[in-house]
Every structure is written in C-alpha cells, then in structure tokens.
There are 2 protein chains.
Amino acid sequence: MLSHSRPKPLRTGRPRSAAADEAILEATRASLVDLGWSKLTMSDVATRAGVAKTTLYRRWAGKNELVVDAVAVLFDELELPDLGSLSADVQAVVLQFAALLKRPETQTALMAVVAESTRDEALRARIRDSIVDRQKRLVLQGRQRAQERGELPVEQDEAVAATTDDLIFDVIAGAVVHRALVSAEPVDEDWARRFTVLLLAGLGSAASA
Amino acid sequence: MLSHSRPKPLRTGRPRSAAADEAILEATRASLVDLGWSKLTMSDVATRAGVAKTTLYRRWAGKNELVVDAVAVLFDELELPDLGSLSADVQAVVLQFAALLKRPETQTALMAVVAESTRDEALRARIRDSIVDRQKRLVLQGRQRAQERGELPVEQDEAVAATTDDLIFDVIAGAVVHRALVSAEPVDEDWARRFTVLLLAGLGSAASA
DNA sequence: TCTTTACGCTACGACCCGTAGCGTAACTTC
DNA sequence: GAAGTTACGCTACGGGTCGTAGCGTAAAGA
C-alpha cells in the first residue's frame with residue numbers, strides 16, 4: 001500500500017473518499033500517457049478524475065508528489081522470480097524492469113521526478129520510499145538466494161555486504177535505465193544476457209578484491 | 001565547438017552577436033544554479049544575460065534546447081587520462097564524471113532534459129550529439145588503448161565490438177548517474193575503485209561468453 | 001440535532017509563455 | 001556614400017497555469 005499516513009479511524013467528520021484517490025491516480029497516469037510530464041496540469045488531472053482542482057491540492061502538495069504516487073504503484077509488480085540460478089533470476093528481473101520503463105507513463109515521469117528531487121529533499125525521500133527501495137529489496141533477495149544456492153560466498157562483514165548491495169543495485173538499475181532512456185535502445189533478451197554475464201563475472205572476482 | 005550550423009560568412013545583414021550567445025549560455029547556467037530546472041524561466045535568463053527575451057527565441061526554440069546547449073559545454077572537460085593501466089584510467093574517468101554530476105547546474109538539468117527527450121525526438125538527437133556521444137568516445141578510446149596495452153583481447157567482429165562498447169557505456173554512465181542522482185550517495189574513490197574492479201573483472205570473463 | 005471534516009464550484013491575482021509590431025543598429029553590396 | 005538586409009531592444013498582448021480564498025453543501029461521528 002501507499003505510504004500515506006492514513007488518518008486514524010477515530011477521527012470525526014466526513015472521511016476522504018478512497019475512490020477519489022484511486023480515480024485521481026488513474027487520471028494522472030492517463031494524463032502522463034497522453035500529455036507527458038511537462039504538459040500535464042493539475043486542472044487536466046482534476047477534470048479527468050471528475051473531481052475539483054481544490055481536492056487535489058488538499059491531498060498533494062503539487063505535481064511532483066502526485067506523479068510519484070501515481071507511478072509508484074506500477075513498481076509493485078516487480079518480483080524476483082526463482083528460476084533456479086542467479087543468472088536466470090537477474091536476467092528476468094532486468095527484463096521486467098525494462099518492460100516497466102517501456103511504458104509511457106513511467107518513461108516520461110521517472111526521470112522528471114528524479115530531476116526535481118535534486119532540489120527537494122522531501123521529494124527525494126518520497127521517491128526513495130515508494131520506488132527505489134522497492135527495487136532495492138530485489139537485490140537483497142537475490143543475494144540471499146544465491147548464497148543459499150552456494151552461487152555467492154557469504155559475506156562476513158555486514159557493513160561491507162551492504163555497500164556491495166548498493167553497488168550492485170546502482171549498476172543494475174543504472175545500466176537498464178541508461179540503456180532504455182538515455183541511449184534509447186531496446187533492452188531485449190540479448191542485451192539482458194550479455195549484461196548479466198558481465199555483472200556476474202564481475203561479482204565473482206570482485207569478492208576477492 | 002557547438003553544433004550550431006554557423007551561417008555562412010557570406011551572408012548579408014547584421015551578424016548575430018557571439019558575445020550575446022556566450023552571455024545567454026552563461027546566464028542559463030547561473031539561473032540553473034540559483035533556481036533549478038523547473039523554476040528557470042526564459043525571462044529570467046534574458047534579464048541576467050542583458051538581452052531581450054525575443055533574442056532568446058530567435059536562437060533557441062525553447063527552454064529545453066537552451067539548457068542542453070548551456071550544459072553541453074561542461075562535458076567538454078571530460079578526458080580519458082593515460083595513467084598506465086585500464087583500471088586506473090576507468091577509475092579516473094568515473095571520478096571526473098562524478099565531479100561533473102556534483103555541480104548543481106548539471107544535476108538539475110541533465111535528468112530533466114532527458115525526461116523531456118522521451119517525448120521529443122529532435123531534443124533526443126540534440127542531447128545525443130552534444131552530450132552523450134561526447135562521453136561515449138571515452139569508452140572507444142579506453143578500449144583501444146587497453147587493447148594496445150594487451151589488457152583486453154582484440155575483438156574480431158566489428159559489430160560485436162560495437163555492441164560491447166554500448167554495453168560498457170551504459171553500465172558506466174548508468175551506474176555513476178544512478179549512484180549520484182538517484183541513490184544520492186557520494187561517488188568517492190572507494191566506490192570508484194570497487195566499481196572498476198567489478199567492471200573489469202566482468203569484462204575479462206564476458207569476452208569468453 | 002450539533003459538530004466536524006470533505007467536497008464542488010467560482011473567482012481571483014500572479015506569473016510565464018510565445019509572438020507581433022516597431023524603431024534602431026550593424027554589416028554587406030553596389 | 002546609399003540602399004538593402006538582418007539582428008536587436010522594447011513594448012504590448014492573448015492565452016494558459018498556478019495555488020488560494022470563500023462559500024454552500026454533503027457525509028460522517030457525538
């Protein structure tokens with residue numbers, strides 16, 4: 001679920017419409033597809049959702065926060081499959097992530113909100129909580145599973161292991177995003193295979209450095 | 001130099017002021033530092049540069065193109081040093097790139113224009129020509145130099161070599177950008193060293209795949 | 001019934017956009 | 001020189017978005 005600190009059910013007064021929440025987020029995604037990040041307006045979203053513009057501002061501070069929440073739910077579908085080998089698992093996740101980045105909503109929104117977050121610490125935290133950490137968990141799962149399989153050595157120092165996870169995460173997510181959005185070339189099976197080979201070979205040797 | 005197709009010197013009439021060009025680009029960078037991408041306006045840039053707003057629109061289609069040109073020159077300083085080993089060279093380039101991404105102008109602008117480029121093919125081409133390809137050349141140089149040193153095998157198939165260059169480029173640039181702008185954690189010597197070890201180990205083994 | 005909160009609607013000042021029109025400045029050609 | 005051509009600064013403008021205020025109404029709990 002989303003990170004909204006839901007008001008305690010003991011509150012008095014008319015409750016906020018959960019249906020409106022969903023309608024707004026859905027309208028935001030639709031507007032992203034049709035108009036893209038830069039031409040998306042609060043008025044347009046309000047009209048599509050069938051709510052008043054003021055309702056949007058009562059729940060979100062602005063466009064940035066709204067779009068983050070609207071896109072965040074799409075990252076819920078990311079899962080680490082269990083295909084028997086670390087190589088196959090990594091490759092599958094890469095393709096999953098690439099498929100997500102192919103969608104026009106995420107494509108136009110992801111880079112834009114990250115760009116905004118460079119000047120807004122609160123927005124950065126929101127992105128981290130609802131998007132980035134959700135992906136990072138896959139790395140932790142993958143390493144643990146690989147260690148259980150004996151495909152990777154068990155790291156003794158917990159601190160070093162954490163920085164390694166960070167490194168792997170930045171390499172995977174960074175490479176896929178860069179390939180898909182900057183180079184704008186397809187992340188197909190062939191690319192995913194070659195990338196995975198590169199990464200895993202590097203991991204095997206990097207452990208002894 | 002920039003990619004502007006300079007008007008042939010045989011043209012009649014008053015020539016465009018080259019000084020104004022530089023003043024505008026400098027003003028754009030200053031505005032990026034002070035206001036950031038989203039709050040930067042054409043009017044503000046014009047005022048800072050001491051030119052009329054109409055002059056800006058006579059030279060650039062809009063904010064996107066202007067900012068790309070303003071930031072592009074910063075990427076000129078990227079160079080592949082010759083430190084004797086591929087490992088040292090890669091590490092140095094990573095740190096150079098990271099230093100560039102630390103600057104507030106590039107930080108706020110880079111992701112934003114890439115986000116815009118997902119819906120503007122012309123803008124994407126402009127970014128590719130004036131920014132991305134400039135970095136990519138470093139990969140080609142690095143591979144060639146490493147092959148001369150005997151650190152990397154000489155690839156026979158030219159097409160395969162090209163896709164390998166693409167892969168390496170996306171991994172390096174993607175990882176550094178992701179670390180610096182998404183994870184928002186420092187790209188220091190330690191990280192650069194660990195990343196380089198990972199990459200080069202992967203390269204050594206990936207060749208035989 | 002009374003209180004409290006959410007909602008829809010309208011209206012508003014502020015700002016930025018991108019362009020048109022005009023007079024002037026700078027440079028080339030004859 | 002004079003004429004032709006292009007760039008520049010300036011002003012003004014319609015159009016659009018922003019974010020908020022104010023109001024009457026709707027939906028819940030006490």
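Since we're looking at a predicted model, the values are computed, not measured. Quick note on labels: first sequence line is chain A, next is B, and so on, each numbered from 1.
- Under a 4.0 Å N-O distance rule, the pair A:Arg145/A:Glu148 does not qualify as a salt bridge.
- Two residues are said to be in side-chain contact when any heavy atoms from C-beta on lie closer than 4.5 Å; A:Val93 and A:Asp89 fail this criterion.
- Comparing D:dC18, C:dA6, C:dG18 by their closest approach to the side chain of A:Thr41 singles out D:dC18.
- If you find the closest nucleotide of DNA chain D to A:Gly62 and to B:Ala52, the one lying nearer the 5' end belongs to B:Ala52.
- With salt bridges taken as basic N to acidic carboxylate O contacts below 4.0 Å, none links B:Asp133 and B:Lys136.
- Of all nucleotides listed (D:dA27, C:dC9, D:dG29), C:dC9 comes nearest to the side chain of A:Thr54.
- Where B:Pro15 and B:Leu40 meet DNA chain C, the nucleotide closest to each residue was compared, and B:Leu40 sits on the side nearer the 5' end.
- Straight-line distance from the CZ atom of A:Arg14 to the C1' atom of D:dA28: 9 Å, rounded to whole Å.
- Rounded to an integer number of Å, the gap from OH of B:Tyr57 to C1' of D:dA7 is 18 Å.
- Distance A:Leu35 CG to D:dG16 P: 14 Å, rounded to the nearest Å.
- The distance from atom CH2 of B:Trp60 to atom P of C:dC17 is 15 Å, rounded to the nearest whole Å.
- At the phosphate of D:dG9, OP1 or OP2 sits under 4.0 Å from a side-chain N or O atom of B:Thr55.
- In this structure, A:Asp21 places its CG atom 12 Å from C1' of C:dA6, rounding to the nearest Å.
- Distance B:Leu66 CG to C:dG18 P: 11 Å, rounded to the nearest Å.
- Proximity of B:Arg11 to the phosphate of D:dA7: a side-chain N or O atom is located under 4.0 Å from OP1 or OP2.
- Within a 6.0 Å sphere centred on CD of A:Gln144, other residues, nucleotides and ligands contribute 12 heavy atoms or fewer.
- Protein atom CD1 of A:Ile24 is 13 Å distant from nucleotide atom P of C:dA6, rounded to whole Å.
- Counting to the nearest Å, the P atom of C:dG18 and the CZ atom of B:Arg58 are 15 Å from each other.
- Between B:Asp82 and B:Arg149, at least one side-chain nitrogen of the basic residue sits less than 4.0 Å from a carboxylate oxygen of the acidic one, meeting the salt-bridge criterion.
- A donor-acceptor contact under 3.5 Å is not formed by the side chain of A:Lys53 with the base of C:dG8.
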